[in-house]
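One structure is given here, and the rest of the page talks about it.
Everything numeric in this text was worked out from a predicted model, so none of it was measured. Whatever order the structure lists them in is the order used to number ligands and atoms, beginning at 1.
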Amino acid sequence: MNIKENLRTIQQDIKEACSRSNRQADDVHVIAVTKYVSDETTKKAIEAGVKHIGENRAEAGLAKKEAVKEQATWHFIGSLQSRKVKQVIHEFDYFHSLDRLSLAKEFQKEADEGETIHCFVQVNVSGEESKAGVHPDELLSFMKQLEAFPAVHVVGLMTMAPFTDRPEETRPVFSGLRKLRDEVMSLQLPYAPCTELSMGMSNDYVVAIEEGATFIRIGTALVGNEATSN
Ligand SMILES: *Cc1c(COP(=O)(O)O)cnc(C)c1O
């Protein structure tokens with residue numbers, strides 16, 4: 001795995017996708033998803049210039065953050081059990097999987113006085129049963145109900161597209177999330193500016209950027225997958 005080279009390739013793809021879609025490349029942030037790689041590889045990614053690290057499990061993510069001393073912004077991208085909120089709430093900078101009011105309630109309970117918890121609301125745009133996320137029809141009502149939890153600040157929306165080797169098929173999912181984001185923004189909720197879109201992974205990030213992604217979450221194509229030793 002040559003992480004530097006992978007990062008260069010991804011940055012070039014970002015540039016080209018942004019120029020095709022009249023966007024600024026600076027508006028697209030790369031989260032290196034390190035769930036399948038070692039602490040060493042994670043450090044190498046940061047040394048190669050990665051600024052954002054994503055982990056999807058509480059214990060493993062905390063252990064990695066503890067071992068990797070380098071400066072980075074830490075993203076919790078996996079589904080989060082309410083009983084684990086206490087462990088992770090002060091350790092991660094962003095939570096990408098707010099998908100139920102009971103989780104917001106737990107954030108509110110565990111937040112310090114005046115602390116802001118930066119969240120993405122996960123939306124199940126594709127409607128796959130296996131996927132977590134708020135149903136698109138319920139999103140606006142969900143957003144309004146978050147007012148009851150002032151510690152929770154919604155920076156954006158997150159989705160996962162169905163896995164496919166034909167990335168073009170993911171486009172409606174990503175454009176759907178963008179439309180939902182625009183609807184939420186038009187509510188002008190002070191606790192939910194909702195400017196960001198967390199979407200796109202190794203196999204579909206180019207399409208996600210063309211449709212407006214501001215955070216792409218890339219594991220395999222950037223840092224590899226040491227669990228399957230490729
Ligand atoms: C694992 C994971 C990713 C990265 O997947 P790759 O296909 O390896 O890029 C992105 N987002 C979430 C939520 C993940 O769990």
Purely on distance, is any nitrogen or oxygen of T220 under 3.5 Å from one on ligand 1?
yes
Looking only at distances, please establish whether an N/O atom of ligand 1 is found under 3.5 Å from an N/O atom of G219.
yes
Distance under 4.0 Å to a non-hydrogen atom of I218: what atoms of ligand 1 satisfy this?
9 (O)
Within ligand 1, which atoms have a heavy atom of I77 less than 4.0 Å away?
11 (N), 12 (C), 13 (C), 14 (C)
Heavy-atom neighbours of K64 NZ exceed 12 at 6.0 Å:
yes
Given M160, M201, K35, R217, identify the one with the heavy atom nearest to atom 14 (C) of ligand 1.
K35
Check each of E106, E110, E59 against K84 using the salt bridge (charged side-chain N to carboxylate O under 4.0 Å, His left out) test, and report the only one that passes.
E59
At under 4.0 Å between heavy atoms, is it the side chain or the backbone of H96 that contacts ligand 1, or both, or neither?
neither
Trace of the side-chain contact (heavy atoms from CB on, under 4.5 Å) decision for R20 with E210
CA-CA 7 Å; R20 279 196 297 277; E210 289 170 355; 2.8 Å; yes
Stepwise, does the side-chain hydrogen bond (donor to acceptor under 3.5 Å, both in side chains) test hold for S198 with H96?
CA-CA 8 Å; S198 167; H96 287 242; 2.9 Å; yes
Taking the six-membered ring for Trp, is the centroid-to-centroid distance between H75 and F215 below 6.0 Å?
yes
When distances are taken from atom 9 (O) of ligand 1, the protein heavy atom at minimum range is S202 OG, 2.5 Å
Between K105 and Q108, does the side-chain contact (heavy atoms from CB on, under 4.5 Å) criterion hold? Intermediate values first, please.
CA-CA 5 Å; K105 187 175 177 188; Q108 184 65 39; 5.6 Å; no
